[in-house]
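Remarks on the structure that follows.
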Amino acid sequence: MTRACRVAEFFDGSAGGTRTLIELEGVRVSLAGHTVLEDISFSLEERMFLGVVGPNGAGKTTLLRVVLGLVRPDRGTVRVMGMTPGELKHELHHIGYMPQQVVFDPIFPVSVFDVVMMGRTCCIGTLRFPTKVDREAVSEGIRMVGLEGLERRPIGELSGGEQKRAFLARALCRETHILLLDEPTAGLDLPAQQQFMELLVELKEQLGLSVIFVSHDVNVLARFADEMVCINRTMHLHGKPQEVLGSEKLKEAYRCEFDFLVGVGGQGRGAGEDG
Amino acid sequence: MLAYGFGQRALVGGLIIAVTCSFISFFVIVRRLAFVGMGISHAAFGGVSIGIVAGVDPILTAGGFCVLVAGGIGWLSRKGRLHEDAVIGILFASAMAFGVLLVSLAHAYNLDLMSYLFGSILALSWTDVISAAALSALVITFLVLFFKELLFFVFDEETATASGVPVRFVYYGLLVAMAVTIVVSIKLVGIILVSALLVIPGATGLQLTRNYRGVIVISLVAAVTSVVAGLFLSSGFDIPSGATIVLVLFAEFMLSVALSPRRPYMARLLGKG
């Protein structure tokens, strides 16, 4: 079977049924002799928006790295679109990733178009050069996030919110089925956060994406996620946003009070309502 | 000077080196590898010393030594045990100390050693020119074939890794390409001044444009013109060629600083202010 067939077969094979895109079972990860994740089990169904919350240092970023196959668990199983992490390394163009922070020199000489084109690197392939198809995919990605007209602008000249949208376009301009976002709204002011989240939800629906959104901000995720997972080294909670927000275990994971969240939980969007 | 064979060889060799340096200079600047370049080039002194003392072509031994040092810098810093600058500080001083000790013990402080320290482009043979062309072709081929992976890696290593870019390969490849470029350039400007060729062309380009293609083109123009002007000036005024090339390059850089569109008066002049 060719590599390209793996993802196609995964989607064809489970046609009609509910597809589980990511499945983690009893995962334990140790880094430099310290256990950073313990007994983590959850799944991401197709078109689901899963919010992963937890305090700083809870292992949220490591969790995304496990899904990407960049960190190997010492115990447990990981399946992404039916593939093991070893098989997945040839299929990473089906996963869009946005890191917590892209630290780059503001005078780095690349335009928005160049940055989004980086997202096509794994689609183009080694020893090959971008073609018209790639340039069109990049233009489409830029259009989707509303940055048309800024294609030639140096990335360092964009506002924080525009840069985040450019990085989202970079994650989308490949053959993306799964979007992994690591605190993508960190550093944005509230209106920019709101704008980014609304764009994300709109694109998720439009493109049929499955999303894992990592954040320490429970408020943001409670409004937009279908399901939430709360981790702090180990799993504390997994459920609908309302269930998670109302749970004592959330306070336990964060080791602080969350009285102010009760009202927000009541406004939760509703994946919960979809049912 | 072009009437003489040595002048023709110097010009051809110089142009080959200028093209290679200008291309790699882009990555040196955007990845902030200037200190790595200085480290590798100074460490080359250890390799040159081995060659002089052992009676082997010092460029060959310097080549092996530089590639080893470049690999060592990469390996130690990626292991995360030490920062890149600390690793360079250790390896560059140790390799130079080793070289000083070796030539001192062998009483080999001579004109030959000085030519490696300060360059001797007028002493290039056609064999030197051909090997410089072959090594430069290898470096440029690597940079062209892996350009998109290199650009992704230097801009955002984390996402490049998550996208399946072979970051370890491109990082070590870049360091080895730098080491090879340095070795090829030693004959032109010498160990002491070679880092200027790795840094100034790219820095000049970055003053004038915010587009990587433009930076590379300006870097190429700056390096080529400095080599040509430096060689003719050094021949005309009978002054050292390596130092003249570096000073021409420096003058070009200062000019680019003055003409940078980011300077308020230039912005006003260009109608952007």
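The model shown is predicted, which means the values in this text are computed figures rather than measured ones. Just so we're on the same page: letters track the sequence lines, and every chain starts at 1.
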Could you label the plane-to-plane angle of the Phe108(A) and Phe155(B) rings as parallel, tilted or perpendicular, counting under 30° as parallel and over 60° as perpendicular?
perpendicular

Given a strict heavy-atom distance threshold of 4.5 Å, which part of [X] is in contact with chain B: side chain, backbone, both, or neither?
X: Val115(A); value: side chain
X: Ile107(A); value: both
X: Leu68(A); value: side chain
X: Ile155(A); value: side chain

What option among Pro154(A), Gly69(A), Gly156(A) has the most heavy-atom pairs under 4.5 Å with chain B?
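Counting heavy-atom pairs under 4.5 Å, the top option is Pro154(A).
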
Can you tell me if CZ on Phe129(A) sees more than 12 non-hydrogen neighbours from other groups inside 6.0 Å?
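It does: Phe129(A) CZ has more than 12 such atoms within range.
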
Among Val154(B), Val165(B), Val215(B), Ile29(B), which has the most heavy-atom pairs under 4.5 Å with chain A?
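Highest number of pairs under 4.5 Å: Val154(B).
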
I'd like a table of the N/O donor-acceptor pairs between chain B and chain A - cut-off under 3.5 Å, distance only.
unit_1    : atom_1 : unit_2    : atom_2 : d
Arg32(B)  : NH2    : Asp105(A) : OD2    : 2.8
Lys148(B) : NZ     : Gly125(A) : O      : 2.8
Lys148(B) : NZ     : Arg128(A) : O      : 2.9
Asp156(B) : OD2    : Arg170(A) : NH1    : 3.3
Asp156(B) : OD2    : Arg170(A) : NH2    : 2.6
Glu158(B) : OE2    : Tyr97(A)  : OH     : 2.5
Thr159(B) : OG1    : Arg170(A) : NH2    : 3.3
Ser163(B) : OG     : Arg174(A) : NH2    : 2.8
Arg210(B) : NH2    : Pro106(A) : O      : 2.8
Tyr212(B) : N      : Pro109(A) : O      : 2.8
Arg213(B) : NH2    : Asp114(A) : OD1    : 3.0

Going by heavy atoms in the side chains, are Leu206(B) and Pro109(A) under 4.5 Å from each other?
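A side-chain contact exists here, since the closest heavy-atom pair is under 4.5 Å.
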
Residue Phe26(B) versus chain A: region with a heavy atom under 4.5 Å:
side chain

Name the region of Phe152(B), side chain, backbone, both or neither, that has any atom closer than 4.5 Å to a heavy atom of chain A.
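Phe152(B) touches chain A through backbone and side-chain heavy atoms alike.
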
